[in-house]
Amino acid sequence: MIQRERRYKDPRLNAAAEELWSYRQKQFEIRRLKAKSEELRDRYSVGATAYDGIRVQGGARHDKLVRIAVEWADLQNEILERTREAEHFLWDIESRLNALRTVQRQVLELYYIKGYSVVKIADMLGYSDEGIKTIKYQALKAYAYVEETAKFTPNYP
């Protein structure tokens, strides 16, 4: 079940929430592509071990294996590209998160990036549900309004 964030009146808060959600979506897409890659690899290995289906003339069986191998290689390249993109994206997000207080950063990471519910975060961090909602809102607001110079400021608790 995918959590959806409520819409805020401030467009910068909405943009910040969408940015944080989009990282999870990128990770989900990478996992989906890896599962598809595993499926293709399994199809290729199953097809490669069945020597009785290989034709000497015409090469129909061989062509199918080549097509699967090419599709798998293309998929591996796409996975690599999306993984690099997600890593750069996460680096940008983390540089902005580092400008926040420790508890604010934890709440945003747990909620948006790891996908935990407010109730689960409250249990993990020892706060009430309402307390986590308040921290999340304040953290999102701070994240949305981080100045460019604060991106590379170290975080001190």
Side-chain angles (χ1 to χ4, degrees), residues 1-46 64-157:
M1 182 169 112
I2 296 177
Q3 301 173 7
R4 288 311 304 165
E5 184 70 17
R6 71 178 187 87
R7 302 304 290 178
Y8 298 100
K9 292 179 184 176
D10 185 346
R12 287 184 80 168
L13 292 181
N14 291 323
E18 285 301 317
E19 180 178 289
L20 291 166
W21 275 120
S22 66
Y23 176 76
R24 278 191 69 214
Q25 293 168 343
K26 288 177 188 295
Q27 291 297 93
F28 176 76
E29 181 66 18
I30 290 168
R31 283 193 302 272
R32 187 188 64 78
L33 289 172
K34 285 181 179 180
K36 186 176 178 182
S37 171
E38 290 295 316
E39 178 186 320
L40 282 174
R41 187 183 56 118
D42 291 344
R43 280 181 31 206
Y44 180 79
S45 63
V46 167
K64 181 180 177 185
L65 292 176
V66 169
R67 189 174 59 247
I68 292 172
V70 168
E71 187 178 346
W72 181 82
D74 290 343
L75 198 55
Q76 291 301 316
N77 288 335
E78 185 176 355
I79 290 169
L80 182 62
E81 181 180 321
R82 290 198 186 197
T83 301
R84 285 182 185 152
E85 179 183 308
E87 286 172 356
H88 290 300
F89 190 68
L90 182 60
W91 185 84
D92 290 341
I93 287 173
E94 285 178 347
S95 67
R96 291 177 67 194
L97 286 173
N98 283 333
L100 305 179
R101 291 189 343 228
T102 303
V103 71
Q104 290 178 330
R105 185 180 68 245
Q106 286 176 325
V107 169
L108 290 183
E109 286 175 349
L110 291 170
Y111 186 79
Y112 288 104
I113 295 174
K114 301 212 176 186
Y116 290 116
S117 69
V118 170
V119 174
K120 179 72 174 169
I121 297 169
D123 289 342
M124 291 170 68
L125 299 180
Y127 287 88
S128 68
D129 297 354
E130 289 303 315
I132 292 297
K133 288 179 185 177
T134 301
I135 293 170
K136 183 174 75 74
Y137 176 77
Q138 292 170 349
L140 189 62
K141 190 172 183 180
Y143 178 86
Y145 286 95
V146 169
E147 281 84 23
E148 293 296 319
T149 56
K151 282 187 175 181
F152 303 103
T153 308
N155 183 33
Y156 299 106

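As a basis for the values below, the full set of heavy atoms in this structure was taken, side chains included, without hydrogen atoms, waters or symmetry mates.
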- prompt: Judged by atom type as modelled, is there a donor-acceptor pair below 3.5 Å linking the side chain of Arg105 to the main-chain atoms of Leu97?
  reply: no
- prompt: If you draw a 6.0 Å radius around OH in Tyr23, do more than 12 non-hydrogen atoms from other residues or ligands fall strictly inside?
  reply: yes
query: Among all residues two or more places apart in sequence or in another chain, which pass the side chain to side chain donor-acceptor pair (under 3.5 Å) test with Asp10?
result: Tyr145
- prompt: If you take all heavy atoms of Ala144 and Leu13, which pair is closest and at what distance?
  reply: CB-CD2, 3.9 Å
- prompt: Does any donor atom in the side chain of Glu19 or Tyr143 lie under 3.5 Å from an acceptor atom in the other side chain?
  reply: yes
message: Tyr127 vs Val103, test: side-chain contact (heavy atoms from CB on, under 4.5 Å). Steps then yes/no.
response: CA-CA 11 Å; Tyr127 287 88; Val103 71; 3.6 Å; yes
- request: Compare every heavy atom of Leu108 with every heavy atom of Lys136, then report the nearest pair and how far apart it is.
  value: O-CD2, 4.0 Å
query: Listed by chain and number, what are the side chain to side chain donor-acceptor pair (under 3.5 Å) partners of Glu85, not counting sequence neighbours?
result: Lys26
- request: Mark yes or no for whether Glu109, through its side chain, and Gln106, through its backbone, hold a donor-acceptor pair below 3.5 Å.
  value: no
- prompt: What distance separates Ile79 CD1 from Lys36 NZ, expressed to the nearest 0.5 Å?
  reply: 9.5 Å
- prompt: Please walk me through it: do Asp74 and Glu78 pass side-chain contact (heavy atoms from CB on, under 4.5 Å)?
  reply: CA-CA 6 Å; Asp74 290 343; Glu78 185 176 355; over 6 Å; no
query: Excluding sequence neighbours, so at least two apart, what forms side chain to side chain contact (heavy atoms under 4.5 Å, CB included) with Asp123?
result: Val119
- prompt: Going by an N to O cut-off under 4.0 Å, is there a salt bridge joining Arg7 and Glu18?
  reply: yes
query: Salt bridge or not for Glu29 and Arg82, using N-O below 4.0 Å?
result: yes
- request: For Tyr111 and Tyr116, work out which heavy atoms get closest and say how close.
  value: CD1-O, 3.4 Å
query: How long is the gap from CD1 on Ile30 to CG on Leu80, to the nearest 0.5 Å?
result: 10.0 Å
Backbone N/O of Leu33 and side chain of Ser37: donor-acceptor pair under 3.5 Å: no
message: Quick check for you: to the nearest 0.5 Å, what is the distance between Lys34 atom NZ and Glu38 atom CD?
response: 9.5 Å
message: Let me confirm one number: the CD1-CD1 distance from Ile135 to Ile121, rounded to the nearest 0.5 Å.
response: 10.0 Å
task: Step by step, work out the side-chain contact (heavy atoms from CB on, under 4.5 Å) result for Trp72 and Gln76.
output: CA-CA 6 Å; Trp72 181 82; Gln76 291 301 316; 3.3 Å; yes
message: Looking at every heavy atom in both Ala142 and Val146, which two are closest together, and how far apart are they?
response: O-CG2, 3.0 Å
task: Go through the steps to decide whether Leu140 and Tyr8 satisfy the test side-chain contact (heavy atoms from CB on, under 4.5 Å), and finish with yes or no.
output: CA-CA 11 Å; Leu140 189 62; Tyr8 298 100; 3.4 Å; yes
